[in-house]
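Worksheet for the structure shown next.
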Amino acid sequence: MSIRERTGSSEAVIAARERYVARGIATTPIVVSRAEGARVEDVDGRLYIDFAGGLGCQNTGHGLPAAVEAIREQLDRYLHQCFMVGMYEPYVEVCRLLAEVSPCHGTEQRSILLSSGAEAVENAVKIARAATGRPAVLVFDHAFHGRTLMTMTMTSKVVPYKQGFGPFAPEVYRAPAPYPYRGVTSDDAICAIEHLFKAEVDPASIACAVLEPVQGEGGFIPMPPDFPKRLQELLGRHGILFVADEVQSGVGRTGTVWAIEQYGVEPDLLISGKSLGGGLPLAGVTGPAEIVDAVEPGGLGGTFGGNPLACAAAVAVLDEVRKPEFLERACELGREIRMRLEQLAARNASIGEVRGLGPMLAVELTEPTPDLARTITSAAREKGLLLLACGLYGNVIRILVPLVVSDEDLARGLELVEESLVDASTRAA
Ligand code: PLP
C-alpha cells in the first residue's frame with residue numbers, strides 16, 4: 001500500500017518525503033495524482049493549470065495520446081534491452097527522425113541517445129574532443145548544462161549548483177553571453193571572447209563552444225539575432241565546434257523544432273532532451289557523421305541510454321512537433337503570451353523586461369533578488385497555477401506551458417500570473 005493509501009492525504013506524503021528523501025532536492029508542496037494536456041491534479045483533488053510542464057518536458061502536453069499508445073504497445077513487447085546488447089528499432093527510428101529534423105550542417109546525420117540532458121552534454125563534449133583532438137570547452141555566463149561534474153563546471157550559477165561541490169573539471173573557460181537587459185551586447189560578448197583567446201586560453205586548444213540559443217535556467221535570455229552567427233564565424237576561424245544545447249529550447253519550445261533554426265546557423269552538434277521523450281527520460285546528441293563518428297565503437301554508450309519505452313514515445317513526439325499545425329499553434333501561443341505579458345509589464349513597475357523567443361517567454365523583475373519571484377510563484381500555486389522562476393538572480397518568471405494548452409486555460413493562467421504578481425507586490429509593500 002502506498003503512503004497516501006495508508007494515510008489519505010498530501011500532508012502525509014510531504015511528511016514522509018521529509019523523513020525519507022534527501023533535503024538537497026528542492027521540492028514544491030504539490031503531490032501530483034494525475035496530469036493531462038496542460039492540467040495537473042494533486043492527490044487532494046485540486047486542479048492546477050500547468051505553466052511548468054514538468055520543467056520543460058511536456059511541450060506536447062501531459063499524456064500525448066500518440067505517445068501513450070506507443071508506450072503501451074512497446075510495454076507489451078519488451079522493456080530494457082541495452083542497445084549495446086540487443087539493438088531495437090525504436091532507438092534507430094528516433095535517430096532517423098532526429099536526422100530528418102536536424103539543424104546541423106552535413107548530409108548524413110548520426111545520433112546517440114542518452115537518459116538525461118547532462119549526460120547528453122557530457123557526450124557532446126566527448127565527441128567534440130575526439131573530433132578535434134583538443135581538450136578545452138568554451139561556455140557562457142548564465143549557462144545551465146546540468147549537475148554532473150563536467151556540466152556543473154560548465155554551469156554558471158554558484159548557489160545552489162556549485163557551492164561546496166568542487167573541485168571542478170579542468171579546461172572549461174567562460175565568456176560573457178549577450179544580456180542586453182543588463183547591459184551586455186553582442187559586440188561586448190564577441191570582444192570578450194577575443195580577449196579570452198588572447199589573455200586566457202589558446203583557441204587552438206578549444207574543442208567546442210556550447211551555447212543555449214535561448215538560455216533557460218539562466219533566465220530565458222534569447223541570444224540577440226546576430227550573435228550565434230557572429231560566434232560561429234569567430235569559432236570557425238579557430239577550428240572550434242559550435243554546439244547548440246537545446247535541452248530546454250528544443251522540441252518545438254520556441255515555435256520551430258529547434259531554436260537555432262531561427263538564427264540562420266547550422267551547428268556542428270545539437271543536444272536535445274527534456275520534451276524529447278514526451279515525459280520519459282531521453283536525450284540525444286546529433287551531428288554530421290564526420291564529427292559524431294570520430295569516436296571509435298565502444299567510446300560512447302551507457303546501460304539505459306535510449307530506453308525502448310522512451311524511444312517509442314519520442315517517435316510520436318518528433319512526429320508531432322514537426323507538424324506545421326503544431327508549430328503554428330506554438331507561434332500563436334507565443335504571440336498571445338507576449339502580448340499579455342507586455343500589457344502586464346505596462347501596468348506593473350516591478351517588471352523590467354518581457355523577453356523570449358516564440359512561446360518560450362518570461363518576465364524579469366527589476367529587483368535582482370529572488371524574494372518577489374518566490375512570493376509570486378507560491379501565490380500562483382495557492383491560486384491553482386504551477387509557475388516557475390529562474391535566472392542568475394532568481395528573479396525571472398518563466399512560462400513553460402505545454403503547447404497544447406487551450407485558449408481558456410492559457411487566458412486563465414495568465415490572469416493568475418497577474419493576480420499573483422499583484423498579491424505578491426502588495427505583500428512586499
Ligand atoms: N542543458 C540545458 C539547457 C538544460 O536546461 C538542462 C536542464 O534544465 C540540462 C542541460 C540538463 O538536463 P537534465 O536535467 O536532464 O540533466
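As the structure lists them, so they are numbered: ligands from 1, and atoms in each ligand from 1.
- We find that Arg96 and Glu93 are joined by a salt bridge, their nearest charged nitrogen and carboxylate oxygen being less than 4.0 Å apart.
- Other residues, nucleotides and ligands contribute over 12 non-hydrogen atoms within 6.0 Å of the CG atom of Leu47.
- Here Lys274 has side-chain heavy atoms under 4.0 Å from ligand 1, and that is the only part of it that gets that close.
- Salt bridge status for Asp319 with Arg322: present, with a side-chain N to carboxylate O gap under 4.0 Å.
- If you number the atoms of ligand 1 from 1 as listed, the ones under 4.0 Å from a heavy atom of Gly117 come out as 11 (C), 12 (O), 13 (P), 15 (O), 16 (O).
- Contact annotation for atom 14 (O) of ligand 1: protein absent (non-hydrogen atoms, distance under 4.0 Å).
- Each of the atoms 1 (N), 9 (C), 10 (C), 11 (C) of ligand 1 lies under 4.0 Å from some heavy atom of His145.
- In summary, Arg110 and Asp293 engage in a salt bridge, as defined by a charged side-chain N under 4.0 Å from a carboxylate O.
- In this structure, of Val121, Val247, Val214, the residue bringing a heavy atom nearest to atom 9 (C) of ligand 1 is Val247.
- Near Asp245, the atoms of ligand 1 lying under 4.0 angstrom from a non-hydrogen atom of the residue are 1 (N), 2 (C), 3 (C), 10 (C).
- Protein heavy atom at the shortest distance from atom 5 (O) of ligand 1 is Gln248 NE2, 2.9 Å.
- Within ligand 1, the atoms closer than 4.0 Å to a non-hydrogen atom of Glu212 are 3 (C), numbered from 1 in the order shown.
- Crowding of Glu325 atom CD: a count of heavy atoms from other residues, nucleotides or ligands under 6.0 Å exceeding 12.
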Under the salt bridge (Lys or Arg N to Asp or Glu O under 4.0 Å) rule, what do Arg398 and Glu217 come out as? Steps first, then yes or no, please. CA-CA 9 Å; Arg398 60 174 148 174; Glu217 299 306 301; 2.8 Å; yes
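- The ring of Phe227 has its center no closer than 6.0 angstrom to the ring center of Tyr263.
- Of all the atoms in ligand 1, the ones that sit under 4.0 Å from a non-hydrogen atom of Ala118 are 11 (C), 12 (O), 13 (P), 16 (O).
- With ligand atoms numbered from 1 in the order given, ligand 1 contributes 15 (O), 16 (O) to contacts under 4.0 Å with heavy atoms of Ser116.
- In this structure, Arg46 forms a cation-pi arrangement with Tyr48, its terminal cationic atom sitting closer than 6.0 Å to the ring centre and no more than 45° off the ring axis.
- For atom 2 (C) of ligand 1, the nearest non-hydrogen atom of the protein is Phe144 O, 3.3 Å.
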